[in-house]
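To start, the structure under review is shown below, and the notes come after it.
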Amino acid sequence: MSSLINEVKEGIWSGRTDHLENRSSFRYHQIIQLPNIEDYNSNGETCVIIGFESEEGVRRNKGIIGAAKAPNALRSELAKLPWKLPLQKNLADIGTIACIDENLEKAQENLGEVVTKILSKKMTPIILGGGHETAYGHYLGVRNYIGKQAKLGIINIDAHFDLRSYDEQTSSGTMFKQILDQDENSSYFVAGIQRYGNTQELFDRADELGVTYILEESMHIGEMDNVNAKINDFINQQDYIMLTLCTDVLNAAFAPGVSASSPFGLDPSVVRSIIRRVTTNKKTLSFDISEVSPQLDENNRTVKLGAYLINEAIISFLGRDNGRP
């Protein structure tokens with residue numbers, strides 16, 4: 001499997017060093033491990049980063065490309081953040097899977113294989129996309145790990161349903177229809193839907209497929225009790241959860257560097273709240289972030305926000321009492 005993965009580029013994990021020995025002064029770049037996944041067996045609770053360099057799905061969906069450069073940009077910002085967890089909590093980075101020669105389907109299969117391997121070692125995948133086609137490879141890995149009969153709940157924080165038809169080809173806009181069409185034991189919950197960012201056909205399709213969704217306009221900070229109740233109800237009906245974040249759900253004032261910006265998007269505090277709630281639940285196995293586009297960014301704001309949101313997921317995963325259903 002290691003041949004599927006490109007090693008992390010030298011120098012990506014670097015940053016300020018306040019102390020060489022005092023762990024309370026450490027930052028991400030001082031604790032990160034860079035193993036070969038085949039040989040890696042953690043002796044503690046561990047999150048494992050895997051990059052997915054793909055924007056083929058965005059290109060097919062006629063979006064603005066640039067997301068393939070996100071994994072390393074996000075790593076560089078994560079590297080600078082303080083690490084505040086004890087010795088038995090670990091973080092590894094096993095490298096990056098790239099989409100070669102526009103063969104998105106193969107790249108997604110490769111990602112799924114690696115996600116399954118990480119989960120089988122009782123570690124937590126943290127996937128850095130890439131376009132939101134990342135979520136389908138993520139799903140393949142989770143489903144293979146939990147088996148066909150387990151009830152899988154997919155929670156997507158997104159402005160868009162991504163339920164487009166894939167009669168001609170799959171893309172970053174088709175993943176969740178692909179999943180629901182082929183997998184009767186998967187359920188789909190999406191938070192942050194833009195009323196005017198999706199056609200009526202997509203709203204109708206979501207209803208036909210039994211999708212649970214919450215509109216962006218119902219997700220202001222003062223209204224989170226209702227959102228949290230819906231999330232909890234959805235989680236309670238599932239055996240396992242995977243969480244995916246499309247950063248185009250964020251308000252463009254905070255996240256200009258995305259493939260499809262949202263003028264009425266969510267406040268980052270709302271997204272952080274959802275990430276915390278979902279990743280602290282023991283049913284949640286994994287997390288991916290997608291659609292950050294560094295070349296469209298302004299002063300690295302979106303990349304930095306993305307890194308902070310990834311940090312929230314990692315801290316929540318490793319901060320819980322890590323049993324699994």
Side-chain angles (χ1 to χ4, degrees), residues 1-8 12-13 28 31-54 70-72 74-75 78 85 88-99 106-130 133-148 150 152-155 175 179 186 239-245 275 278-290 309-320 322-325:
M1 179 184 294
S2 58
S3 62
L4 304 178
I5 304 173
N6 298 320
E7 293 183 359
V8 181
I12 291 292
W13 288 103
Y28 267 69
I31 61 89
I32 192 75
Q33 302 171 52
L34 304 175
N36 181 318
I37 187 59
E38 296 290 354
D39 303 325
Y40 187 57
N41 290 290
S42 171
N43 59 0
E45 297 170 27
T46 304
C47 284
V48 178
I49 290 172
I50 177 70
F52 189 62
E53 287 184 354
S54 172
N72 282 340
L74 291 166
R75 285 177 169 112
L78 267 177
L85 291 169
Q88 68 270 26
K89 313 290 186 175
N90 302 305
L91 182 68
D93 186 347
I94 60 170
T96 297
I97 292 170
C99 179
K106 182 61 176 177
Q108 289 168 324
E109 290 175 10
N110 291 346
L111 177 58
E113 187 177 342
V114 175
V115 168
T116 299
K117 175 68 75 173
I118 295 169
L119 289 169
S120 69
K121 290 174 175 281
K122 304 303 180 185
M123 298 184 288
T124 302
I126 305 291
I127 306 155
L128 313 184
E133 64 264 28
T134 302
Y136 189 71
H138 179 183
Y139 156 78
L140 291 175
V142 172
R143 174 51 80 190
N144 187 54
Y145 170 71
I146 65 177
K148 294 181 180 179
L152 174 62
I154 300 166
I155 296 180
M175 305 85 59
I179 294 169
S186 284
D239 296 323
Y240 298 94
I241 297 292
M242 58 169 273
L243 176 63
T244 177
L245 167 63
I275 290 173
V278 177
T279 54
T280 52
N281 193 291
K282 292 181 183 181
K283 292 184 179 182
T284 306
L285 298 177
S286 50
F287 169 75
D288 77 64
I289 181 171
S290 300
L309 294 174
I310 296 163
N311 176 64
E312 292 290 344
I314 291 171
I315 296 300
S316 293
F317 275 126
L318 295 181
R320 70 191 189 188
N322 200 37
R324 284 184 180 170

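Along the sequence shown, the residues carry numbers beginning at 1. Remember, predicted model here, so these are calculated numbers, not experimental data.
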Show, in sequence, the C-alpha distance, side-chain angles and deciding distance for I154 and M242, and conclude whether the side chain to side chain contact (heavy atoms under 4.5 Å, CB included) test is met. CA-CA 5 Å; I154 300 166; M242 58 169 273; 3.8 Å; yes
Smallest separation among heavy atoms of [X] and [Y], with atom names:
X    : Y    : answer
V115 : H138 : CG1-O, 4.1 Å
P71  : G129 : CD-O, 3.7 Å
L318 : T46  : CD2-N, 3.8 Å
I50  : R75  : C-NH2, 4.3 Å
K121 : Y40  : NZ-O, 3.1 Å
T134 : S290 : CB-OG, 3.5 Å

Please check: side-chain N/O of [X] versus main-chain N/O of [Y], any donor-acceptor pairing under 3.5 Å?
X    : Y    : value
R320 : T279 : yes
T124 : C47  : no
T284 : V278 : yes

side-chain contact (heavy atoms from CB on, under 4.5 Å) with D288: which of L111, T244, L128, I126? T244
Is the closest side-chain heavy-atom distance between N72 and E53 below 4.5 Å? yes
Nearest 0.5 Å please: distance from the [atom1] atom of [X] over to the [atom2] atom of [Y].
X    : Y    : atom1 : atom2 : value
D93  : I12  : CG    : CD1   : 9.5 Å
I315 : L85  : CD1   : CG    : 4.0 Å
F317 : I275 : CZ    : CD1   : 9.5 Å
L140 : N110 : CG    : CG    : 10.5 Å
I49  : L78  : CD1   : CG    : 5.5 Å
I97  : Q108 : CD1   : CD    : 11.0 Å

List the steps, then state whether side chain to side chain contact (heavy atoms under 4.5 Å, CB included) holds for L285 with I146. CA-CA 10 Å; L285 298 177; I146 65 177; 3.7 Å; yes
Under the ring pair (Phe, Tyr, Trp, His ring centres under 6.0 Å) rule, collect the residues that match up with Y136, sequence neighbours excluded. Y139
What residues, two or more places apart in sequence or in another chain, satisfy ring pair (Phe, Tyr, Trp, His ring centres under 6.0 Å) together with Y28? W83
Does CD belonging to Q88 count more than 12 external heavy atoms closer than 6.0 Å? yes
List the steps, then state whether side chain to side chain contact (heavy atoms under 4.5 Å, CB included) holds for E109 with L4. CA-CA 10 Å; E109 290 175 10; L4 304 178; over 6 Å; no
Quick one: do the N6 and T96 side chains pair a donor with an acceptor below 3.5 Å? no
